[in-house]
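Below, read A as the first sequence line, B as the second, and so on, with proteins coming before strands; counting in each chain starts at 1. Computed from heavy atoms alone, side chains included, the values below leave out hydrogens, waters and symmetry copies.
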Amino acid sequence: MMNNGAIAQTLSPMDPNSIEGQYAVDKGQPQSASYVPSTTGSEATSWIMHRVDNSSSESTYHHDHQTEPPSRNVPHGLNGTSLASSSTLGTASASQDYGGYASYTNPTDPYGYANTGYPGYYNGYQQQPNHSYSQQQPNHVYSQHQPNHAYSQQQPNHVYSQQQPNHAYSQPLGSYQNTGAPYQPLSSFQNTGSYAGIPSYPATYYNPGDYQTAGAYPSSGYSNHTTTWSDGNYANYTTHQYSSYTADTTGAYNSGTTAATSVHYQQQYKQWADYYNQTEVTCAPGTEHLSVASTSNQVNSVPGVTAGYPNSSSQHPSSFTPSWRPESTSSDLPPLQGAPSTSGAYDSCWKQGVESSQNYHASPMQPHFQTSLDSKTSYDNFQEQQKTVEEGPDSQYAPSHQVPQNYQTPAQTVSTLDTQRVSKLQIPTNPRIATNLASSSSKTNKDGSTTGAAAKPAYIAVSMPKANDKVFSNVAADSILKPGVFPSSLRFYVERALKRCQDHCKNDPQLAACQAVLKEVITKATADGTLHTRNWDTEPLFPLPNPDFANKENSQSSTPVASLPKYRSPSKRSKSRWEPLPEEKLVETPVSVSNNSVKFGGWDRKPLIGNSESKVDALSDLKFSLSEQKTLSKSAQRPLKKQRIADAFNSAENGDASSDSDKEQSLTAYYSGAIALANSPEEKKKRENRSKRFEKVQGHRSEINYFKPKNAAAGNLYTKRASALMLSKNFDDDGSRAVEDIDWDALTVKGTCQEIEKRYLRLTSAPDPSTVRPEEVLEKALLMVQNSQKNYLYKCDQLKSIRQDLTVQRIQNQLTVKVYETHARLAMEVGDLSEYNQCQSQLKILYDEGIEGCYMEFAAYNLLCVILHSNNNRDLVSSMSRLPKEAKKDKAVKHALAVRAAVTSGNYVMFFRLYKTAPNMNTCLMDLYVEKMRYKAVSCISRSYRPTVPVSYIAQVVGFSSTSEGSDQDPVGVEECVEWLKAHGACLTADSNGEMQLDTKASSSSLYIPEPEDAVSHGDASLAVNDFLTRTSL
Amino acid sequence: MAYLSMGEAHRRITDYLNRFSDAVFSQDGASLKQLLSLSANSPSLLSLADALNVFQDANRLIKQSEKYAQYGEIIAPLFRSLQSYRLGNLVDTYSAFEKAANAFIQEFRNWESAWALEALFVVAYEIRVLAERADKELASNGKSPEKLKGAGSFLMKVFGVLAGKGPKRVGALYVTCQLFKIYFKLGTVHLCRSVIRSIETARIFDFEEFPKRDKVTYMYYTGRLEVFNENFPAADHKLSYALMHCNPNSEANIRMILKYLIPVKLSIGILPKDQLLEKYNLVEYKNVVQALKRGDLRLLRHALQEHEDRFLRSGVFLVLEKLELQVYQRLLKKIYIIQKQKDPSKAHQMKLETIIKALKWLEMDMDLDEVECIVAILIYKNLVKGYFAHKSKVVVLSKQDPFPKLNGRPVNS
């Protein structure tokens, strides 16, 4: 909603038509075109969009550039622009920019921003082409930061689109105007022709799409910072970033709080200004270094750079790509992480340096690695730095490593994705979508990008595939672990093992050793054919190997950046809802909880271990790519769950944050100045709050994060459907239309599988028709389940798979209803409420569509559910008022209503009578309330009766004995009742006839509700170990 | 549409633009308000809409002069909104109006004083009303109605603008009330909580300083929320406040308040006069009250059944249903009085048989266990003082005040 509103606002000055036009332009057409409107448009708002475009395009640009060496100069130029500004303008520009920012917080003085800093940028750029490249680094950096706050967890592709909401929201506050003005120069700049070479760029850009409007805003600010940052001062950077961010967000969201935040903000700026002053001197060399490092191709332009970069000229363009890759991708940073993200931001940069170096390493570019690394760390002792890397940076960064990993992974994700996705996207769409399609297809085509991707719209990832390919090829050297060849459980096993290593060993040799052992294990398994049959989930981990061994095994492990970050222990298991098939669950859950560490783990390790490690990377890549798409579809499909998930994620994330920030504290020693501020508990708290707030506002972002892991379980297909969902998602953000324009029929799978029995496996990719059963087979399957003698777990599994097949084939008819009804009944029978609720809500939809079924029966169940479980008067009233007249005459519904009356009046006699005469399966639902009702009844009885009440009477009225009206007493029932009463603290006495009596006066004060025996500390008995074991042995 | 010359159209538009900028310039909230109230169907706005439909290039006019252009972000979408409104396209009307409103609050934020509050109120009101109508249109086209939800989030934003310190805070309650209306309509009343918290925890601003009409509306809605929560004392307090401060001439509002206040009062043992029910046409409560007076369980059940739909819709059904226990109490009391007349010494011992017989006369066929259970509940809930002797099946009543009155307290639960 907000999102929409915000967008609307942005565009408000324009004609509706023009808006449309602009969108269109942005989406599909060359950059130059998109800029045209902006130049002409007098509106500040329109400018924003452009500006955004620019920034994002820059990053994109790089990629393009990389893929297409010839055009490189142009992109560099672009980058250079910003760079130039920093270098040429030096202090002045920096401070001006900040001033601009400050004003932006204060809506009153919005325009100050425009005139000062930006023109300078562009002018500077043209004058000093040399530096152009260095700017790139900042660019990326900023992108990382920005995402950090807002979007961090999103995946690369989506990043932009998802960002939009956030920004959109913030915009209304008035930040727009500011941004608008500065951009004008930019646009003009682009028009000048520097962009000319890159028609594809806007499209790419647009996929990110609307996000941009919003996204750009913060990022612009960041780019400035970034520059600084590249100079080597992370500490400042981090803090600054955060604070500024806060200002933005708060301003946007909360007008009320704006005042406070703005103050904060300005202070930050001042700090920065100072910072800039300092940096200026040191900066120059640093930047240049950077430029050298990153620009390998451009070397020519940087003749006089520094001596420190001997190798720069020798570097290949291709090698260059990877380093950029990660950075650009880094923009995906999880938005929600408060504390971690801060450090993460620069860490990631750093990380990337490492990463890229790693890549280089793999593809004989070692020199390059050094340069990049140096540029990020201290420039002075760059040679030494390399040696010290292990101790210095690593240890410092360790805490935040998870974050950086995040960044990196996305990049690779994309690439893997591409490789897997055969570049066909056949989505019948209307033109509007088609533009978008182009952009997404660019992704698809990334495979080809190695060769000719330049012509295509480059998405962030374009250049990446190369790097990845390299990795892959390296990996593939021992093709053992190629994704797809291995069961996913094995993958997790490997990760588990490696993670453990990380937890326990701090030196890479040991890790490498683990790797070696792992490799051996796998090879062995392959050799004796147990690879696929073995249950990797339960496979015990081998004892930690001796590091020496590893060294022998892996000479590669000597890679410069050695030390390993500490990871959170992966062994945490998420609290999950009752799932009938723990085995599968097992596969999924570990990933979900620890998945951050897992995936990143892969990346982190990579630098250390060269080849063997990259296997893992490949795997994690795979996961990411899949999860990415999945996420999208998830978010599209399940808006309702967002909140819950977001919360869940939130808590997890918070845990993270705190632990991370602890580690952060150790960093303080290193970065005394600004970072101290960043780490002060106050600040931390703020950050946490902030991230929480974001989660709430932006449910789907966090949802995505949450889902990523789950999806990681990985199938390898990337298919039309997923991409369609992605498209639709984009459009959702865009204008909240066009989703319905997608031709879903064309995307629907038609199953061909003829097997009646099929295990349920949560889809992690688009369904494969060969594993989906068509309707007639499903009918048989349903019959089979209904007649099956096996236990509920089996049936539940089967029914879930039937439901899945129905869903993916979009079959909604009486069969569907029957399946859900069957499942709901079975679930009720065993008290599996979560599964029952799923069925019930589906049934509600199906009935509403007019499909026949046992409507009355389920209306009654629904009513009972509301009465007995939600205990919410409003819900109850509303579901009662929704009942149609004829339903009230139905036996089951009548019964349910009577139960309701009994419950609300506390009439236990009535309740237990109804309990005994319940039609259908109403009893099963009432079962769940019996304990409560009994307790109420007994406390009522002990309060109102004097002096005693025979237990036999109680047994009869509260439903223990089967006989009624006290004729012949049922001794068994009385016995049970005595047990129950004793368990609840009642005082029993025997009268002269030996009959048990309840001493009411004594009992009235001694009754209590005992803790359920099967209670578990985490609150979900179905996750108890015993329970778990019984299910695994199913 | 009558023929409208280009010149005339031009004149009308510039006239409007002049009025708009003059109103802002002179900080004249009252006249600005008129320029924004779309759904008031004022003739000047309607004729402006006609003019806009003739003279398509109004944006050029806006941009022509700096005087207008600075409000272009408000006026341009507002013009579009007007146009669509005139053409009966309410969804577009709403969308455009929301854009204008967004720009408006942007401006409003910059205005130091609260002179434009009136105009802001109009905007808030229009947003809600237009959203409701747009949703109706969407629903009739088979699309999902979502505009009202959007209006809700927009008004939340407006609330944010007002809720801080300063002179604008006076307006916060109005927006809150509009939000309540939206949330109640959407059935998402849980969203009210955050707004209520912000209103009720603000120390710097006394609730009494808000305008009266807003206070009444606010109390009405929060009272209703308390009815849902079955927090009767609080509901009684809030609704009574609303009733007391409500304009005595607006009978419809009084009726709305009474619709909730009466069940609340009934459940704390206070019965209204028939006269009141008749005056405000609340006859559906008549039999309920009667049943309470007479201890006539049958009458109560009939009354509930008869108006079940109505009671369910307003959400008081469950409240009324709980009156049953009071009816039982009344019935027992009657029996007690009769027994006392016959034999004062044994009056405090009431046989279960007697109660069953009484119920039978009311055509309530209940067996021993059931009645025993009800008596137990009555004692448990402190509606009857005494105890029940299971062996002899006798209710032994306390000699002192065996049937305590509720006296404004709710039944123990």
Side-chain angles (χ1 to χ4, degrees), chain A residues 1-2 4-6 8-9 11-16 42-43 45 107-108 172-174 176 253-259 736 740 872-874 876-878 880-883 888 901 904-910 913 937 939-941 943-950 953 956-957 964-966 1000, chain B residues 59 63 69 72-74 76-77 80 95-96 98-100 102-103 105-106 109-110 146 149-150 152-154 157 160-164 187 189 228-230 308-309 312-313 315 317-318 321-322 324-325 367-370 372-381 386-391 396 413:
Chain A
M1 250 338 117
M2 279 318 201
N4 286 343
Q9 200 200 350
L11 297 177
S12 60
M14 295 181 257
D15 234 9
S42 60
E43 309 299 346
T45 42
T108 47
L173 292 191
Y176 283 133
Y253 287 122
N254 244 338
S255 61
T257 53
T258 324
S736 79
E740 62 225 35
N872 180 332
N873 283 326
R874 221 179 323 111
L876 181 52
V877 169
S878 72
M880 278 173 74
S881 59
R882 271 200 302 268
L883 281 178
K888 287 183 184 157
T904 44
S905 65
N907 191 330
Y908 50 88
V909 172
M910 186 63 84
R913 278 187 193 167
S939 43
C940 175
I941 287 171
R943 186 67 208 278
S944 0
Y945 286 73
R946 289 291 181 276
T948 56
V949 187
Y953 171 75
Q956 177 218 319
V957 292
S964 61
E965 297 305 319
T1000 52
Chain B
N59 280 351
K63 284 176 195 149
E73 293 185 25
I74 304 173
R80 253 181 293 136
S95 308
E98 201 195 75
K99 272 174 208 155
N102 254 316
I105 59 167
Q106 204 86 272
R109 210 193 291 269
N110 296 338
E146 60 192 11
K149 225 164 119 199
S153 27
F154 174 78
K157 209 158 41 178
V161 173
L162 297 172
V189 290
F228 276 135
N229 298 336
E230 305 204 340
E308 186 178 335
D309 285 347
L312 278 176
R313 235 180 301 124
F317 183 84
L318 296 178
E321 204 187 42
K322 290 213 165 140
E324 219 171 71
L325 284 179
D367 65 30
L368 207 70
D369 279 350
E370 245 176 294
E372 193 176 324
C373 170
I374 282 162
V375 170
I377 294 171
L378 285 175
I379 296 170
Y380 180 63
K381 304 230 173 193
Y387 64 87
F388 188 79
H390 180 73
K391 250 186 213 164
V396 182
S413 50

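Taking CD of B:E372 as the reference point, atom OG of A:S944 lies at 9.5 Å (rounded to 0.5 Å). With rounding to the nearest 0.5 Å, the separation of CD1 in B:I379 from CD1 in A:I941 is 11.5 Å. Expressed to the nearest 0.5 Å, how far CD1 of B:I377 lies from CG of A:N907 amounts to 5.0 Å. In this structure, CZ in B:F388 is found 12.5 Å from OG1 in A:T1000, a value given to the nearest 0.5 Å.
For the options B:E321, B:K391, B:R313, B:K322, heavy-atom pairs under 4.5 Å to chain A are most numerous at B:E321. Top candidate by heavy-atom pairs under 4.5 Å with chain B, chosen from A:R946, A:R943, A:M880, A:M910, is A:R946.
A:V877 and B:G315 get closest at one heavy-atom pair: CG1-CA, 3.9 Å.
Proximity to chain B is limited to the backbone of A:S905, based on heavy atoms less than 4.5 angstrom apart. Interface residue B:E308: only side-chain heavy atoms are found under 4.5 Å from chain A. Contacts of B:F228 with chain A are made by both backbone and side-chain atoms, with heavy-atom separations under 4.5 Å. Only the backbone of A:T948 has a heavy atom closer than 4.5 Å to any heavy atom of chain B.
Two residues are said to be in side-chain contact when any heavy atoms from C-beta on lie closer than 4.5 Å; A:P947 and B:Y387 fail this criterion. Between A:Q956 and B:D369, the closest side-chain pair of non-hydrogen atoms falls below 4.5 Å.
Ring-plane geometry between A:Y945 and B:H390 is classed as tilted, the angle between the planes lying from 30 to 60 degrees on a 0 to 90 degree scale.
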